[in-house]
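Keep in mind the model is a prediction, meaning the values are calculated, not measured. What you see below is based on every heavy atom in this structure, not just the backbone, and it leaves out hydrogens, waters and symmetry mates.
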Amino acid sequence: MAEAAANSRPRHRRAPLPASLIWGGVLLTAILALAIAGPSLSPYDLDALQLDMRLMPPSAVHWLGTDEFGRDVLSRVLNGAQSSLLMGFGATAVSLLFGVPLGLVAGYYRGWADEAIMRAVDVMISLPPIILGLLILSVTSPSLWKTVLAVGFVYIPIITRLTRGITLEVASEEYIQAARARVEGGWYILFHEILPNAWPPIIVESALRVTFAMLLAAALSFLGLGVQPPASDWGLMIAEARPFINSAPWIACSAGAALCVTVIAINLVGDGLREALDPRLARRR
């Protein structure tokens, strides 16, 4: 009887993963694999000059054509994937490294710390991201890592404000009051009680923030403040293709398509994570 009753109980099935998360994850994994293996998969060297084959259209020899120096566009797109993805994910990591602790402190301690942090955040948010990035990079010589730090600095206020809002909500929960009653230290409560419960929305926002970081980094490279020649980067490739946009559109289109597909993949992952981690959306599936 007991066994029959146990077997008759409804079993809770684990909700399937959102389709956007699956397809976005597959596409993003393929892009990351191509970025890692890009140098070895490139049919030509990154800077192999073939002046007699300048601005050749796509063909069986050069699948995506050649640029103004006769360099293979496919090889440059594959090699540029590493720097473009590094700027997107690296800048997001920088913004998380500084934005999350600042948001936790502002939301938990309140008072003068909250006022000082949030007024600085308001000042930074009041400036358009591209202008703030230009201001940061204009005082130093451009390079890949400086672009990563600059773009990451631009998005620190967004992460700080998000983390602060989550902290304000979580800090009113009963288990936080119980931790205070046990006379736990503030830093213990922040990083052992609040932060583990704040990660889901932060992870979702970070996945979406990668796309904004990649687009901003590409814009800065387009303006000459990102990766410098002869290195390859999708934003730099688009900038270099400007004079030839009518005569050789395949140069800009190849780099632009790679950037577009990557942004779509990351957005799909972000939407899928939001649907999987948000209980209100999960109940609808």
Shared hydrophobic cluster for L127 and I125 (ILVMFWY, side-chain gaps under 4.5 Å):
yes

Given the rule in the side-chain contact (heavy atoms from CB on, under 4.5 Å) test, do R110 and E115 qualify, once you have shown the distances and angles that lead to the verdict?
CA-CA 7 Å; R110 307 298 301 277; E115 287 294 323; over 6 Å; no

Between G270 and V204 the two heavy atoms that sit nearest each other are O-CG1, 3.8 Å

Side chains of H192 and W187: does their closest heavy-atom pair fall under 4.5 Å?
no

Sub-3.5 Å donor-acceptor pair from the side chain of R242 to the main-chain atoms of A239, do we have one?
yes

Tell me, with the steps shown, if M53 and D72 meet side-chain contact (heavy atoms from CB on, under 4.5 Å).
CA-CA 10 Å; M53 301 190 69; D72 183 64; over 6 Å; no

Quick one: OH on Y108 to CG on L190, what's the gap to the nearest 0.5 Å?
6.5 Å

If we only count heavy atoms from C-beta on, is the Q50 to F69 side-chain gap below 4.5 Å?
no

Which heavy atom of L55 sits nearest to which heavy atom of A248, and what is that distance?
CD2-CB, 3.8 Å

So do M87 and L144 actually touch side chain to side chain, heavy atoms under 4.5 Å?
yes

Shortest non-hydrogen contact from V269 toward G25:
CG2-N, 3.6 Å

Within the 4.5 Å heavy-atom criterion, are V94 and F89 side-chain neighbours or not?
no

More than 12 heavy atoms from other groups under 6.0 Å of CZ on F98:
no

Main-chain N/O of G103 paired to T160 side chain as donor or acceptor, under 3.5 Å:
no

Single-linkage hydrophobic cluster, 4.5 Å side-chain cutoff, I131 and L215 together
yes

With rounding to the nearest 0.5 Å, note down the distance linking CG in L259 to OG in S254.
12.5 Å

I'd like to know if the side chain of Q82 reaches the main chain of A35, judged simply by a donor and an acceptor atom lying under 3.5 Å from each other, with no hydrogens or angles considered.
yes

Find the distance between CD (E205) and CG (L273) and round it off to the nearest 0.5 Å.
12.0 Å

Is it the case that atom OH in Y109 sees more than 12 heavy atoms from other parts of the structure closer than 6.0 Å?
yes

If I compare all heavy atoms of A241 with all of I251, which pair ends up nearest, and what's the gap?
CB-CG2, 3.6 Å

Below 4.5 Å, heavy atoms only, C-beta onward: do L268 and L21 meet side chain to side chain?
no

How far apart are the closest heavy atoms of P58 and L64, and which atoms are they?
CG-C, 4.0 Å

List the atom of L162, the atom of P201, and the distance in Å for their closest heavy-atom pair.
CD2-O, 4.0 Å

Does the pair D233/R76 count as a salt bridge with the N-to-O cut at 4.0 Å?
no

For N197 and Y175: C-alpha separation, side-chain torsions, deciding distance, then whether side-chain hydrogen bond (donor to acceptor under 3.5 Å, both in side chains) applies.
CA-CA 11 Å; N197 293 281; Y175 61 89; 3.3 Å; yes

Given I194, which partner from the list I166, I189, T163 fulfils the side-chain contact (heavy atoms from CB on, under 4.5 Å) test?
I189

For the backbone of G107 and the side chain of R164, can you confirm whether one donor and one acceptor N or O come within less than 3.5 Å of each other?
no

Backbone of M56 reached by a side-chain donor or acceptor of T66 within 3.5 Å:
yes

Less than 4.0 Å between a side-chain N and a carboxylate O, is that true for R71 and E240?
yes

Establish whether M237 and L49 are linked, either directly or via other cluster members, by ILVMFWY side-chain heavy-atom contacts under 4.5 Å.
no

Is there a continuous path of hydrophobic side-chain contacts, each under 4.5 Å between heavy atoms, that joins W23 to L28?
no

Gap between atom CG of L216 and atom CG of L220 - 0.5 Å precision
4.5 Å

Ignoring hydrogens and angles, tell me if any N or O in the side chain of S84 forms a donor-acceptor pair with the backbone of A81 under 3.5 Å.
no

Would a single hydrophobic cluster contain both I136 and L149, if residues Ile, Leu, Val, Met, Phe, Trp and Tyr are joined by side-chain heavy-atom contacts under 4.5 Å?
yes

If we count only N and O atoms by modelled type, under 3.5 Å, do the side chains of N79 and S42 hold a donor and an acceptor together?
yes

Mind checking the CD1-OG spacing from I159 to S206? Nearest 0.5 Å is all I need.
4.5 Å

Heavy atoms, side chains only, cut-off 4.5 Å: are I266 and M214 in contact?
yes

State whether the number of non-hydrogen atoms from other residues, nucleotides or ligands found under 6.0 Å of E173 atom CD is greater than 12.
yes

Look up atom CG in N267 and atom CD1 in I264, then write down how far apart they are to the nearest 0.5 Å.
8.0 Å

Backbone N or O of A171 within a donor-acceptor pair of the Q177 side chain at under 3.5 Å?
yes

Does atom CZ of F212 have more than 12 heavy-atom neighbours, drawn from other residues, nucleotides or ligands, at distances under 6.0 Å?
no

Would you call V121 and L102 a side-chain contact if the rule is heavy atoms closer than 4.5 Å?
no

Going by heavy atoms in the side chains, are L74 and P43 under 4.5 Å from each other?
yes

Step by step, work out the side-chain contact (heavy atoms from CB on, under 4.5 Å) result for T211 and T262.
CA-CA 8 Å; T211 63; T262 304; over 6 Å; no

